[in-house]
Amino acid sequence: MKQVRKAIIPAAGMGTRFLPATKSMPKEMLPIVDKPVLQYVIEEAVNSGIDDILIVTGRGKQAIENHFDYNPDLEVFLRSAGKSDLIELVRDIGEQAQIHYIRQKEQLGLGDAIRLGRHHMGGEPFAVLLGDTIIEPPHGQKPGLRQVLDAFEQTQSSVVAVHRVPMEWVSRYGVVDGEPEGGNPDLLRLRKLVEKPAMNVAPSNLAIAGRYVFTAEIFDCIDRTQRGVGGEIQLTDAMNLLAQDHPVYALAWQARRFDIGNRLEYAKCFLEFALKREDTGPKLLEHLKWLLEDGEQPV
Ligand code: G1P
């Protein structure tokens with residue numbers, strides 16, 4: 001059985017939906033309470049068994065490399081300020097996996113970003129986690145990527161996570177068409193994938209959720225992919241080519257997905273995560289109740 005150890009995290013997008021915050025800061029570094037989005041994504045990968053990560057960056061993304069590197073000046077400062085307990089916290093960030101970087105020189109799309117990982121993946125199957133997407137599995141379930149890896153191990157074929165969205169939203173996503181195979185109704189063998197279809201031509205409302213596992217054949221398919229929606233090389237189009245010659249599956253999961261490049265989704269994610277934490281949750285809840293009920297302001 002092929003064990004997947006490597007992952008690509010594309011993080012080269014400009015983040016225009018989040019300007020001006022992203023003028024000088026990558027959207028992947030936006031904080032959810034006190035941790036950048038990308039750190040949540042890397043923790044999901046590591047908790048799913050990945051130990052080698054290639055991050056695809058671009059111009060203006062140096063903050064990402066700095067975050068996962070040591071920062072000796074900060075450590076000296078923390079020690080002199082009597083905050084040695086924080087040293088481990090900032091030092092360990094980049095230690096969870098081997099992290100590598102490659103730069104996408106031009107914004108040619110998600111397919112092109114994945115193509116840049118070909119050499120590093122060395123012909124092995126690999127995972128893809130979109131760097132601007134946080135996945136929150138239902139309580140007690142395995143991390144999002146682990147669920148996709150389990151489906152990969154079962155099928156030995158490429159798998160993409162999908163979730164149902166309102167039909168009005170399909171034009172924001174890659175959308176898949178397939179049918180259940182074997183005993184698992186949540187695992188669909190795919191016939192067709194379409195990137196950002198209009199509502200009237202969308203084959204379903206099952207939207208690609210930002211977590212994938214691919215066999216190495218995807219790279220040849222990306223090479224054969226013409227520019228698609230937005231003039232970009234779309235990963236979804238390459239997967240459509242892959243599905244013509246190889247089995248490709250969709251795992252329809254119940255996990256929640258936060259698209260951090262979207263302002264409202266970001267705000268929801270921040271709020272939910274802050275509500276769940278012991279240090280911020282109870283007081284924040286009181287505050288929200290006060291805001292909504294217009295009662296006495298809590299302290
Ligand atoms: C990308 C993919 C799309 C997928 C989406 C999930 O689109 O191209 O297929 O559904 O991520 O977030 P983007 O959000 O980069 O436009």
Side-chain angles (χ1 to χ4, degrees), residues 7-19 22 26-28 30 37-38 40-41 44 55-58 61 104 106-116 127-136 144-145 148 158-178 188 190 192-199 201-214 218 221-222 225-243 248-253 255-266 268-269:
I8 302 179
I9 300 184
M14 293 294 279
T16 47
R17 289 179 293 169
F18 232 112
L19 285 169
T22 48
K27 64 176 166 178
E28 297 79 9
L30 288 166
V37 170
L38 188 56
Y40 287 93
V41 176
E44 178 193 333
I55 304 180
V56 184
T57 67
K61 299 275 184 169
Q104 189 184 30
E106 275 183 275
Q107 295 275 308
L108 293 179
L110 182 58
D112 179 69
I114 302 306
R115 186 182 59 78
L116 296 174
V128 171
L129 303 94
L130 300 191
D132 61 358
T133 296
I134 290 184
I135 299 293
E136 184 71 345
L145 182 67
V148 187
S158 298
V159 183
V160 56
V162 296
H163 62 140
R164 287 208 183 272
V165 296
M167 214 53 206
E168 299 76 48
W169 292 7
V170 287
S171 62
R172 303 181 192 175
Y173 296 104
V175 175
V176 307
D177 176 34
L188 310 177
L190 295 186
K192 194 177 173 198
L193 303 93
V194 192
E195 180 68 10
K196 304 199 169 73
M199 202 162 83
V201 294
S204 77
N205 65 342
L206 286 171
I208 294 176
R211 299 291 183 268
Y212 316 73
V213 177
F214 290 115
I218 189 67
C221 296
I222 295 173
T225 300
Q226 307 290 316
R227 289 184 187 223
V229 173
E232 297 187 340
I233 310 282
Q234 296 293 349
L235 181 60
T236 307
D237 294 343
M239 292 168 70
N240 199 38
L241 292 179
L242 183 67
V248 177
Y249 292 88
L251 176 69
W253 67 14
R256 309 267 317 288
R257 166 185 177 283
F258 296 99
D259 172 5
I260 299 305
N262 174 298
R263 289 184 292 271
L264 179 60
E265 289 290 302
Y266 174 72
K268 285 185 198 168
C269 185

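The chain is numbered in sequence order, starting from 1. Both backbone and side-chain heavy atoms feed into the values below; hydrogens, waters and symmetry mates do not. Note that ligands are numbered from 1 as they come in the structure, with each ligand's atoms numbered from 1 the same way. Quick caveat: nothing in here was measured; it's all calculated off a predicted structure.
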When you pair each N or O of ligand 1 with protein N or O atoms, which pairs come out under 3.5 Å?
residue  : atom   : partner : partner atom : Å
ligand 1 : 7 (O)  : Lys196  : NZ           : 3.3
ligand 1 : 8 (O)  : Glu195  : OE1          : 3.4
ligand 1 : 8 (O)  : Glu195  : OE2          : 2.7
ligand 1 : 9 (O)  : Gly174  : N            : 3.0
ligand 1 : 9 (O)  : Glu195  : OE1          : 2.7
ligand 1 : 9 (O)  : Thr236  : OG1          : 3.2
ligand 1 : 10 (O) : Gly174  : N            : 3.0
ligand 1 : 10 (O) : Ile208  : O            : 2.8
ligand 1 : 12 (O) : Arg257  : NH2          : 2.3
ligand 1 : 16 (O) : Lys196  : NZ           : 2.7

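- Side chains of Thr236 and Val229 form no contact here, defined as non-hydrogen atoms less than 4.5 Å apart.
- Evaluation of the salt bridge (charged side-chain N to carboxylate O under 4.0 Å, His left out) rule for Arg256 yields Glu272 as partners, not counting sequence neighbours.
- Leu108 has its side chain out of reach of Glu232: every pair of non-hydrogen atoms, C-beta onward, lies at least 4.5 Å apart.
- With sequence neighbours left out, Tyr212 forms a side chain to side chain donor-acceptor pair (under 3.5 Å) with no residue at all.
- Annotation: ring pair (Phe, Tyr, Trp, His ring centres under 6.0 Å) contacts of Tyr173 (sequence neighbours excluded): His163.
- Here the rule is side-chain contact (heavy atoms from CB on, under 4.5 Å) with Ile260, and of Thr133, Leu130, Leu30 only Leu30 fits it.
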